[in-house]
> 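Let me begin by handing over the structure; questions about it come next.
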Amino acid sequence: MSENVVHLHKNLEPADEPAAVTTLTVVPDPVPAPIVPLWVRSGRAVKTAVTHERTKTAARAAARHSLYTFNGGRIVARRTWDGKTGARYERMLRAAEAAGNYEVAEEWEERLQRFREARHRRRMDLLHSPVDVAKGIAVGTGMGIGTLVALGIVMAINNGEIKDVITPLAATIDFIGLLIRIVQVVWGPALTIGPFLALLALWAVGSKQQAAPAWALPDNIRSSEGEPITPSIVVKALRDLGVPALRNAIKEMGDAGASMLGPIRIAGCGVEVDVTLPSGVATNEVQNKRRKLAENLTRHEHEVFITIPEAARTVRLWVADSGALDEPIGPSPLVTDETMTADYGKGRAPWGQDLRGDAAALSVYQRHLLITGLSNQGKTAALRALALWLALDRSVEFRIADLKGAGDWAMFDGLASLLIQGPTDEHVIQATEMVEGLVTEMERRLQAPPGTVFLPLVGIVDEAQVAFMCPLKDADKNPYGGSKATSRYFMAVRKVHNQGRAVNVTLWEGTQDPTDQNLPKLVREGAHTRASLVLGTESQAKMALGDKAVEGGAAPHLLRQGLDKGTLVVASDGITIPAGQASITIRTHYIDDDAAVAIIERAKALRDGVTTLHAIEQSDQDRDPLADIAAVVGTAERVRTKDVVARLSTLNSGAYGKWSFIDLKRVLDGTGAEPYKSDGVMVVGRDRLARALANRDGEGSASAAE
């Protein structure tokens with residue numbers, strides 16, 4: 001058993017390791033804050049109180065309501081003056097003369113003359129009215145007293161009391177006395193309250209008219225509503241534009257610049273006014289100040305459009321109601337009207353609305369089309385909306401290459417004769433061969449006998465910049481992309497642009513972010529209809545629409561990216577453009593995928609059935625014409641012979657590109673699937689083809705067995 005020993009003496013031996021030393025850190029006292037004088041603290045408090053948002057709101061409210069009352073008085077005085085004088089007629093007369101509308105000016109002058117004649121007659125009548133009034137009062141008083149006395153006599157006879165003769169007269173006198181006493185009681189308070197009631201009435205007038213500066217209005221009104229566009233506001237906005245010649249000319253005008261303005265007309269969700277600029281001021285000086293002009297009119301830049309009409313030295317201003325352009329325009333008639341059909345030659349596609357709120361419809365008849373813009377701004381939707389309308393014309397054949405491959409055109413499977421979808425180089429090769437197939441068909445039609453009628457053939461290439469930028473080369477070292485004479489896609493597009501429209505072969509292209517590399521100059525200038533969504537720069541806008549359109553006011557580069565999706569600036573003779581303008585801005589209808597599928601189903605019901613190819617076969621070796629004919633007929637009960645020939649050319653242009661009805665008949669003769677007439681046209685039957693293939697295969701099997 002062990003015991004613990006406790007040592008009671010101190011061990012003087014030094015320890016093996018030094019003991020830990022505690023270091024003390026002296027922390028100085030914090031420096032006392034400097035003493036701020038009382039007057040500085042008071043000034044800061046006053047500044048905080050004055051600049052506080054509640055103080056600003058209260059100050060704006062006080063100024064607003066005071067100005068409502070003051071300006072309400074001005075409005076009432078102006079209305080009274082206009083009612084008593086011919087000021088209104090003179091104002092309208094000057095405006096009509098300034099606009100050069102002399103017929104309207106003569107009408108207002110005639111109205112002013114009639115007003116003055118009527119006023120003169122009233123004033124002449126006042127010379128005789130005192131005597132007439134006195135006579136009227138005397139006669140009325142006498143008749144009234146006589147009537148009361150007669151009534152009293154009747155009462156006296158009835159009651160047998162002679163004093164009843166004056167009873168009605170006494171009662172009338174007592175009633176008049178009561179009225180006098182009531183007036184005496186009310187008169188004092190009325191004199192006290194009356195001015196307040198008058199001020200309240202003036203405040204109500206000013207409040208209804210929002211007669212206060214914009215800075216004094218409540219935040220919700222200032223942010224959602226701009227000032228109404230009046231002649232004085234337009235002139236003031238032009239005067240403050242920063243153009244010295246314009247400012248000096250307005251100051252020198254006797255009518256303060258009103259003669260520059262034409263009538264302010266309601267135009268859709270805004271107003272429109274023509275401004276005749278004074279000598280020495282160019283129209284582009286106003287165009288280049290669009291942002292400042294919009295802000296002077298209390299609008300955002302995208303809410304003001306400046307165009308150049310036919311009249312010399314004139315700019316046309318269209319000013320939207322504040323916030324109106326951010327409201328949707330409603331569904332497309334293609335969605336709401338299930339009975340709508342299309343007519344390639346005479347019809348117009350319901351594309352959207354212009355800024356005036358009128359329907360914007362586009363004719364695509366024999367017009368090549370180009371739509372461009374930044375990515376994800378609605379290019380494909382705008383292009384597809386036109387194709388959806390045209391699909392309702394059963395005579396139109398579509399060949400489509402979607403080089404994005406996201407399924408935006410998938411609903412055309414079963415309606416288009418060729419549908420290529422995908423972003424790879426292989427898809428670019430297929431798209432190039434598709435356009436070259438359009439060239440082959442175009443050349444065949446151009447060599448047809450005079451008077452031959454050709455059905456519309458529309459080729460569509462979406463995301464065409466992918467084709468132009470493709471670096472691949474074919475076996476002969478010719479590039480697919482690029483803009484040289486050896487570029488296959490470029491040259492095919494140029495050939496279609498040059499002669500395709502003459503035989504109803506047209507090409508529609510959609511492309512992103514145009515440059516000289518991904519959209520060559522000759523290609524963009526070959527399109528008859530050029531449309532652009534929002535772009536980044538003015539140089540891109542000129543690439544998309546042309547110099548003339550941009551210099552005339554077209555400004556897709558001033559649209560708002562992301563906010564103005566589907567808003568297009570269009571330069572085309574296929575759409576109604578206001579006289580003197582080179583372009584028109586429209587807001588297109590958006591048709592979603594579900595609605596697009598429903599429209600295509602209606603279009604398919606108009607057709608006999610279309611077999612859609614998803615690739616082009618180029619080899620013409622070992623072809624089986626009978627099997628290929630059956631393939632292009634597909635599930636349709638019967639197909640017209642000319643459609644069969646066109647589909648064969650699409651299937652393999654090398655083997656069938658030069659085929660005619662005679663070649664088709666030569667292959668089918670003796671097979672039991674010969675063309676026959678149905679409803680007056682030559683057709684090829686599906687069932688006959690199936691029997692012909694079955695009989696041929698059966699004979700082949702029997703020969704092999706022998």
Side-chain angles (χ1 to χ4, degrees), residues 268-270 302-303 305 318 320 324-337 340 342 347-364 367 369-392 402 404 408-409 411-412 458 460 462-463 508-512 514 527-535 541 544-545 549 554-578 581 583-600:
C269 57
H302 72 277
E303 294 175 327
F305 288 81
W318 185 86
L325 295 183
D326 296 327
E327 298 294 328
I329 64 171
S332 169
L334 290 173
V335 177
T336 58
D337 185 2
M340 177 176 286
R348 289 176 176 262
W351 212 6
Q353 293 180 1
D354 62 16
L355 296 178
R356 300 174 64 93
D358 299 328
L362 178 71
S363 171
V364 297
R367 290 178 175 88
L369 176 69
L370 172 65
I371 299 180
T372 187
L374 297 182
S375 176
N376 195 31
Q377 299 303 305
K379 169 183 53 62
T380 297
L383 186 62
R384 191 177 69 180
L386 295 176
L388 290 173
W389 173 79
L390 192 57
L392 297 175
D402 175 16
K404 180 164 57 179
D408 292 330
W409 297 87
M411 67 285 301
F412 280 81
V458 178
I460 300 175
D462 195 9
E463 307 295 342
W508 299 359
E509 290 183 287
T511 183
Q512 290 183 14
H528 304 97
T529 295
R530 300 168 70 174
S532 176
L533 296 116
V534 58
L535 288 171
L545 301 176
H557 54 290
L558 296 181
L559 296 173
R560 300 167 298 168
Q561 185 175 359
L563 298 177
D564 289 327
K565 282 188 176 182
T567 299
L568 280 169
V569 183
V570 184
S572 172
D573 60 350
I575 194 170
T576 302
I577 296 178
Q581 296 181 201
S583 65
I584 185 172
T585 301
I586 66 173
R587 304 166 67 197
T588 57
H589 296 294
Y590 175 69
I591 303 175
D592 60 28
D593 289 347
D594 293 338
V597 170
I599 295 170
I600 289 298

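Side chains are part of it too, since the values below use all heavy atoms of this structure and drop only hydrogens, waters and symmetry mates. Quantities reported herein were computed from a predicted structural model and do not represent experimental measurements.
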> Is it true that Arg384 and Asp593 make a salt bridge, defined as a side-chain N closer than 4.0 Å to a carboxylate O?
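A salt bridge links Arg384 with Asp593.
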> Looking only at heavy atoms, which two atoms of Ile599 and Leu392 are closest? And how far apart?
O-CD2, 4.0 Å
> Return the minimal non-hydrogen interatomic distance between Ala361 and Ile575, and the atom names on each side.
O-CG1, 3.4 Å
> Measure across Leu362 and Ser572 and return the closest heavy-atom pair with its distance rounded to 0.1 Å.
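For Leu362 and Ser572, the tightest heavy-atom pair comes out as CD1-OG, 4.1 Å.
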> To the nearest 0.5 Å, how far apart are CE in Met340 and CG in Leu334?
5.5 Å
> To the nearest 0.5 Å, how far apart are CE in Met411 and CD1 in Ile591?
10.0 Å
> Trp351: which residues meet the ring pair (Phe, Tyr, Trp, His ring centres under 6.0 Å) condition with it, sequence neighbours left out?
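Not a single residue meets the ring pair (Phe, Tyr, Trp, His ring centres under 6.0 Å) criterion with Trp351.
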> Go through the steps to decide whether Asp592 and Val335 satisfy the test side chain to side chain contact (heavy atoms under 4.5 Å, CB included), and finish with yes or no.
CA-CA 10 Å; Asp592 60 28; Val335 177; over 6 Å; no
> For the residue pair Leu535 and Pro514, establish whether any side-chain heavy-atom pair is separated by less than 4.5 Å.
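Touching, per the 4.5 Å side-chain cut-off.
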> Please tell me if the side chains of Leu369 and Val364 come closer than 4.5 Å, counting only heavy atoms from C-beta onward.
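When only atoms from C-beta onward are counted, Val364 and Leu369 do not touch, as no gap falls below 4.5 Å.
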> If you measure from CG on Leu568 to CD1 on Ile584, what distance do you get to the nearest 0.5 Å?
11.5 Å
> Go through the steps for Arg530 and Thr372 under the test side chain to side chain contact (heavy atoms under 4.5 Å, CB included), then give the verdict.
CA-CA 8 Å; Arg530 300 168 70 174; Thr372 187; over 6 Å; no
> What's the shortest heavy-atom distance between Arg367 and Thr529, and which atoms?
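What the structure gives for the nearest pair is CD-OG1, 3.8 Å.
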> Check whether any side-chain heavy atom of Asp354 lies under 4.5 Å from a side-chain heavy atom of Trp318, and answer yes or no.
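No, too far: nothing below the 4.5 Å cut-off.
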> Search all heavy atoms of Ser583 against all heavy atoms of Ile577 and return the closest pair with its distance.
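Heavy-atom minimum between the residues: O-CG2, 3.5 Å.
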> Calculate, to the nearest 0.5 Å, the distance between atoms NE2 and CG belonging to His589 and Leu388 respectively.
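Reported value, rounded in 0.5 Å steps: 13.0 Å.
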> Evaluate the criterion side chain to side chain contact (heavy atoms under 4.5 Å, CB included) for residue pair Leu533 and Leu374; output intermediate values, then yes/no.
CA-CA 7 Å; Leu533 296 116; Leu374 297 182; over 6 Å; no
> For the CG atom of Leu383 and the OG1 atom of Thr511, what is their distance to the nearest 0.5 Å?
11.0 Å
> Over all heavy atoms of both residues, which pair between Trp409 and Ala387 is shortest? Give the atoms and the distance, please.
CZ3-CB, 3.8 Å
> Measuring only between side-chain heavy atoms, which start at C-beta, is Gln377 closer than 4.5 Å to Gln512?
no
> State the CG-CD1 distance between Leu390 and Ile460, to the nearest 0.5 angstrom.
8.0 Å
> How far apart are the C-alpha atoms of Val534 and Asp564, what are their side-chain angles, what is the distance that settles it, and do they pass the side chain to side chain contact (heavy atoms under 4.5 Å, CB included) test?
CA-CA 7 Å; Val534 58; Asp564 289 327; 5.7 Å; no
